[in-house]
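All figures in this text were calculated on a predicted structure; none of them were measured in a lab. Throughout, a chain's letter reflects where its sequence line sits, starting with A, and its residues are numbered from 1.
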2 protein chains.
Amino acid sequence: MEEGTSKEPSHSCCTEEAFQWDTREDCDVRQILDRIGDKWSLLVIALLDDRSMRFTELKRTIDGISQRMLTVTLRQLERDGLVLRTVYPVVPPRVDYELTPLGVTLHDTIQSLVTWTEKHQTEIATSRARYDAAAAVPVV
Amino acid sequence: MEEGTSKEPSHSCCTEEAFQWDTREDCDVRQILDRIGDKWSLLVIALLDDRSMRFTELKRTIDGISQRMLTVTLRQLERDGLVLRTVYPVVPPRVDYELTPLGVTLHDTIQSLVTWTEKHQTEIATSRARYDAAAAVPVV
DNA sequence: CTGTATCCCATCCGATACTG
DNA sequence: CAGTATCGGATGGGATACAG
């Protein structure tokens, strides 16, 4: 194994003076958000919409993912209870992945994030270009 | 400067056989999702709700962030047009950060992600514990 | 087909010191 | 107060080879 799957987080949340939400490093929320934020998890969840997919199918669909990282990512999502892994005892082996009910609820939220991104990508690209241009040619 | 701010992405999207959405590595969507997914951006946007905050105030509020990473993160968000940086020419300097209109629209989506996480953290923690227990004590 | 194990490098990012 | 510069350790993740 590799890439620590442990490191226990604390449990209490918002114990301070009720600011907004717990921003402490070891907070559960941060632990989970870090998972969402890794390079591939969000992609996998977004792809596993209402149907199940085989390992190779996922690998083909997600451009650039290595076999290793797909395995690691799927294991983490399975551990989190977001993805269900089904092994068919045939040869050659067949393994299907699908979202659990919990995973489906997350899918919706993630989908809205993807939609937001698609919708505003032009604005962001424009903003970046303007920012870079301004930095390259100071007012003088 | 540091940590590449360039690396131009391609523009077309979903040019394949109209699968779902472009999962290619250099897609705009991926570029932006990577930003969302970095260690601190999501935190900063979530925190900058309807009010502006000073640099030090952000630093105090976000547990564990270094001065360096707060600066880097804020610069990226400014470049993306999500955060507005206002410098007051006083001494000692005062710099306020607030969400742009674009940033506000993203804030809503991100907030729903944070809410999801808060709501389901117990389920996930339980799932993880069960997974780890099963792994530690195989069926035999 | 679906993994696991190993190697190894790119980058992320924290610590620290210095500046206007 | 609000940065910037530099260094160096940790870690994410790709390439490759091997296995059930």
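- Checked against D:dG3, D:dG13, C:dG3, the side chain of B:V95 finds its nearest nucleotide in D:dG3.
- Rounded to whole Å, the distance from CG on A:D34 to P on D:dG13 is 11 Å.
- Among the atoms of the strands shown, only primed sugar atoms or phosphate atoms (P, OP1, OP2) are found under 4.0 Å from some heavy atom of B:T56.
- Using a cut-off of 4.0 Å between Lys/Arg side-chain N and Asp/Glu carboxylate O, B:R51 and B:D49 are scored as not salt-bridged.
- Each of A:P93 and A:Q67 has a nearest nucleotide on DNA chain D; the 5'-most of these lies closest to A:Q67.
- If you take NZ of B:K39 and P of C:dC13, they are 6 Å apart, rounded to a whole angstrom.
- Of the candidates C:dT4, D:dT4, D:dG13, D:dG13 carries the atom nearest the A:M69 side chain, counting heavy atoms from C-beta on.
- If you take CG of A:L74 and C1' of C:dC1, they are 14 Å apart, rounded to a whole angstrom.
- As a whole-Å value, the separation of A:R94 CZ from C:dT2 C1' is 13 Å.
- Using a cutoff of 4.0 Å between basic side-chain nitrogens and carboxylate oxygens, A:D96 and A:R94 are scored as salt-bridged.
- For A:R85, taking side-chain heavy atoms from C-beta onward, the closest of the listed nucleotides C:dG3, D:dG20, D:dG3 is C:dG3.
- If you measure from atom CZ of A:R75 to atom P of C:dA5, you get 11 Å, rounded to the nearest angstrom.
- Under the 4.5 Å side-chain heavy-atom criterion for ILVMFWY residues, no single connected hydrophobic cluster contains both A:Y88 and A:L48.
- Side-chain N/O atoms of B:R54 include one lying less than 4.0 angstrom from OP1 or OP2 on D:dA2.
- For A:L70 and C:dC1, the CG to P distance is 13 Å, given to the nearest whole Å.
- Linking ILVMFWY residues whenever their side-chain heavy atoms come closer than 4.5 Å, directly or via other members, leaves B:L99 and B:L84 in distinct clusters.
- Atom CE of A:M53 and atom CG of A:L58 lie 4.5 Å apart (nearest 0.5 Å).
- Distances shown here put every side-chain N or O of A:R68 at or beyond 4.0 Å from the OP1 or OP2 atom of D:dG12.
- If you take CZ of A:F55 and P of C:dT2, they are 7 Å apart, rounded to a whole angstrom.
- Going from atom CD1 of B:I65 over to atom P of D:dG3 covers 12 Å, rounded to whole Å.
- Listed pair A:K59 / C:dC1 fails the phosphate criterion, with no side-chain N or O lying under 4.0 Å from OP1 or OP2.
- B:Y97 comes within contact range of the sugar-phosphate backbone alone, with a heavy-atom separation under 4.0 Å but no base atom that close.
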